[in-house]
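Comments concern the structure below.
Below, chain A is the first sequence line, B the second, and so on; all start at residue 1.
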Protein chains: 2
Amino acid sequence: MLTERQRMILNAIVDDYISSAEPVGSRSISKRGDVGYSPATIRNEMADLEDLGYLEQPHTSAGRIPSHKGYRYYVDHLVPWNSAETAELGTIRAFFAEKLNATEQVIQHAAMILSNMTNYTSILLGPEVFHTSLRHFQLLPLDDKTAVAIIVTSTGQVENKTVSLPPGISVSEMEKVVNLLNSKLVNVPLYKLKSQLYSELGEEMQRHISHYEELMQVLDTALESDHEQRIYLSGATNMLTQPEFKDVDKVKTILDLLEETPTLLKMLTPASGGTGMQVRIGTENKHEAFANCSLITATYSLDGKPLGSIGILGPTRMEYARVMGILGILSRDLTAMLAHWYK
Amino acid sequence: MLTERQRMILNAIVDDYISSAEPVGSRSISKRGDVGYSPATIRNEMADLEDLGYLEQPHTSAGRIPSHKGYRYYVDHLVPWNSAETAELGTIRAFFAEKLNATEQVIQHAAMILSNMTNYTSILLGPEVFHTSLRHFQLLPLDDKTAVAIIVTSTGQVENKTVSLPPGISVSEMEKVVNLLNSKLVNVPLYKLKSQLYSELGEEMQRHISHYEELMQVLDTALESDHEQRIYLSGATNMLTQPEFKDVDKVKTILDLLEETPTLLKMLTPASGGTGMQVRIGTENKHEAFANCSLITATYSLDGKPLGSIGILGPTRMEYARVMGILGILSRDLTAMLAHWYK
DNA sequence: GTTAGCACTCTAACGAGATGAGTGCTAACC
DNA sequence: GGTTAGCACTCATCTCGTTAGAGTGCTAAC
């Protein structure tokens, strides 16, 4: 649809704008050297690109800035994205060379590394316990009224929840049930736990146990999917350094949204539908507060199933190439690392 | 040292400045009605108060603002602090009426409530596991190289840590040791765990166990005080709404500091020395980034020992009376609640 | 001791050029 | 026909002098 020359010019404009945050004029494009035309010619093309919707003009006598459509085209067709040769490869490899042996810890650390490297905000979704399975279950009485339920998953994550005990349940009986539960439910995926609880322990137990109803109630809440995905956010304040967010009020609404876990979840999870890298530009994000933001996400997986996502949030004027490169490497390496641990 | 009239005027100025954030002039004080003097008289007193160091003048023809010394005097002698009658009492009571049965959950929730009520930033220190004791210890093998160590404390908190296992340790032997450990170390304060580990299991075990050295190494790292105090931060973005922080750069350094756990710890922990409420004004905080901030902290305790702190961070121009009232109630109620749970 | 009055100071707000980056258009050039 | 030089025009931003107003300090009167 676009001529080769138009693509070159669009590319040059987006590149320029990404690094300068200023509307870019015909002269500066001409001077760059990689587009060998005079300002006048470039002006003509720019007018055409604006008509086609790829560029915008803040006001008559200013340069052009990319529109959302322009960014979209840039991301889809022009980004020089070679994840293998990113300059930051070294940093990432160094990160994975460190000896970290807990998944959560790795993810958390990765969030920091990401935001530091990119100077944007990183949002990581911890491993989705949903697809992992039960390794061990335990119910530990604290006093006669409360107990701690502990669930260890196949990926070594530990979830715990305090439950209140109804009066009259004996410790020994509880132990018996928990033991049975362990023998029956180990390796069952977490999301099937509650249904299996009833099918496996249903009839069989009812006559062996005195307080069947109450006990089931306790186990039910204990296995309740409190196992939410954990979200790790890092570098939120980097938003403040972006010139487009010098308006304190706007940046406040953004930072406020970032403090809300459900919002972040909603932003990151749909990405797990597709496996590849996803870029959501401006209004493609659901919240209007993010109209001037872009979100780039990738997923990491285990056994081919996406486990969680890693994402970078920045202004629409974002270093797409660099960020995509970094995310690409990191998601691949994370996947490899997990595969290596839990093969 | 100050005359009654000077105290009245200082009080009026601080009150006014707290609610307006503008230098306050003699006329506006006179008009308030509670100081029945003409602007000229008040001007004279203001000049004296400035000489004494309680007030400052941004420039010659502006009103006065309180100096740090002025705030300090206000906090120490003038704040109308009646924690019992705070208007927010209802909100707090409603919060405690909710049925929450995990300490952590309560603290986390309290952080949110606090920042919402005050519109400042709340910083809460989770229960200091340091002073709690061991209820249960467990070492759960994940595969032949790694295991999860789980520690349940007397207050029902669950700490877990992934440790790597040296090759050649048998599962049964490990179980034996862990069982012994449980029988010997339950109810030992966490901070004594490591030393007791050696004194209790030292000679006795050495001959019964094949890989004594390696096993001890594992247990050592498992009991390592990874049990850091957890910090709950809420409403950090409220900083952005304060007019004194309209400068994005300054607020960025503050928010960046708030992202660093060690900094927060350092700011909150010294407060646990004294039992009462502490107010640190401006440069009394250690970091110079907080030169324009005040931090008010209170502690909650169990069995008379301070367990953790709750704090509010805001501009030096802060609603001291209100915040101190709220913190007072909350810390008292938290203490009562913990006492009720773990009596 | 208190207060009215007044000259003085200093910031913030306003508005009128001046500046300059950038455009669109036309006409000339290859 | 595609490309480019030239030029008039637009418009945000910067500068600078002026003004308005809030507030002070001082003096003199009450």
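- Remark: D:dC30 base-pairs with C:dG1. Criterion, Watson-Crick or G-U wobble with two distances under 3.5 Å.
- Taking atom CZ on B:R43 and atom C1' on D:dG23, their separation rounds to 8 Å, with Å as the unit.
- What separates CG of A:D48 from P of D:dT3 is a distance of 12 Å, to the nearest Å.
- Rounded to an integer number of Å, the gap from CD of A:E45 to C1' of D:dG1 is 14 Å.
- When DNA chain C is scanned 5' to 3' for any atom under 4.0 Å from a heavy atom of chain B, the first and last hits are C:dT2 to C:dT11.
- Nearer the 5' end of DNA chain C, as judged by each residue's closest nucleotide, is the contact made by B:A40, out of A:E50 and B:A40.
- Side chain of B:N11 to backbone of B:Y74: no donor-acceptor contact under 3.5 angstrom is found.
- B:H59 has its NE2 atom 13 Å from the P atom of D:dA22, to the nearest Å.
- A donor-acceptor pair under 3.5 Å is formed between the side chain of B:S331 and the backbone N or O of B:L327.
- Proximity of a side-chain donor or acceptor of B:Q278 to a complementary backbone N or O of B:A298 within less than 3.5 Å is not detected.
- Heavy-atom distances under 4.0 Å link DNA chain D to B:G25, B:S26 of residues 5-34 of chain B, given in residue order.
- Using a 4.0 Å cut-off between a side-chain N of Lys or Arg and a carboxylate O of Asp or Glu, B:E45 and B:R5 qualify as a salt bridge.
- Counting non-hydrogen atoms under 4.0 angstrom, A:T60 reaches the backbone sugars and phosphates but no base.
- Side-chain atoms of A:S122 come within 3.5 Å of backbone N or O of A:A111 as a donor-acceptor pair.
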Distance-only criterion, 3.5 Å: show the donor-acceptor pairs between side-chain atoms of residues 237-246 of chain B and protein atoms not counting sequence neighbours.
unit_1 : atom_1 : unit_2 : atom_2 : d
B:T237 : OG1    : A:D256 : OD1    : 2.4
B:N238 : ND2    : B:Y120 : O      : 2.9
B:T241 : OG1    : B:N238 : O      : 2.6
B:Q242 : OE1    : B:R317 : NH2    : 2.9
B:E244 : OE1    : B:R317 : NE     : 3.2
B:E244 : OE1    : B:R317 : NH2    : 2.8
B:E244 : OE2    : B:R317 : NE     : 2.9

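- Using modelled atom types, one finds a donor on one side chain and an acceptor on the other under 3.5 Å when comparing A:S294 with A:Y320.
- Side-chain contact check for A:R7 and A:Y73: at least one donor-acceptor pair (N or O, by modelled atom type) lies under 3.5 Å.
- Between the side chain of A:R280 and the backbone N or O of A:M267 there is at least one donor-acceptor pair closer than 3.5 Å.
- If you measure from atom CD1 of A:I42 to atom P of D:dT4, you get 9 Å, rounded to the nearest angstrom.
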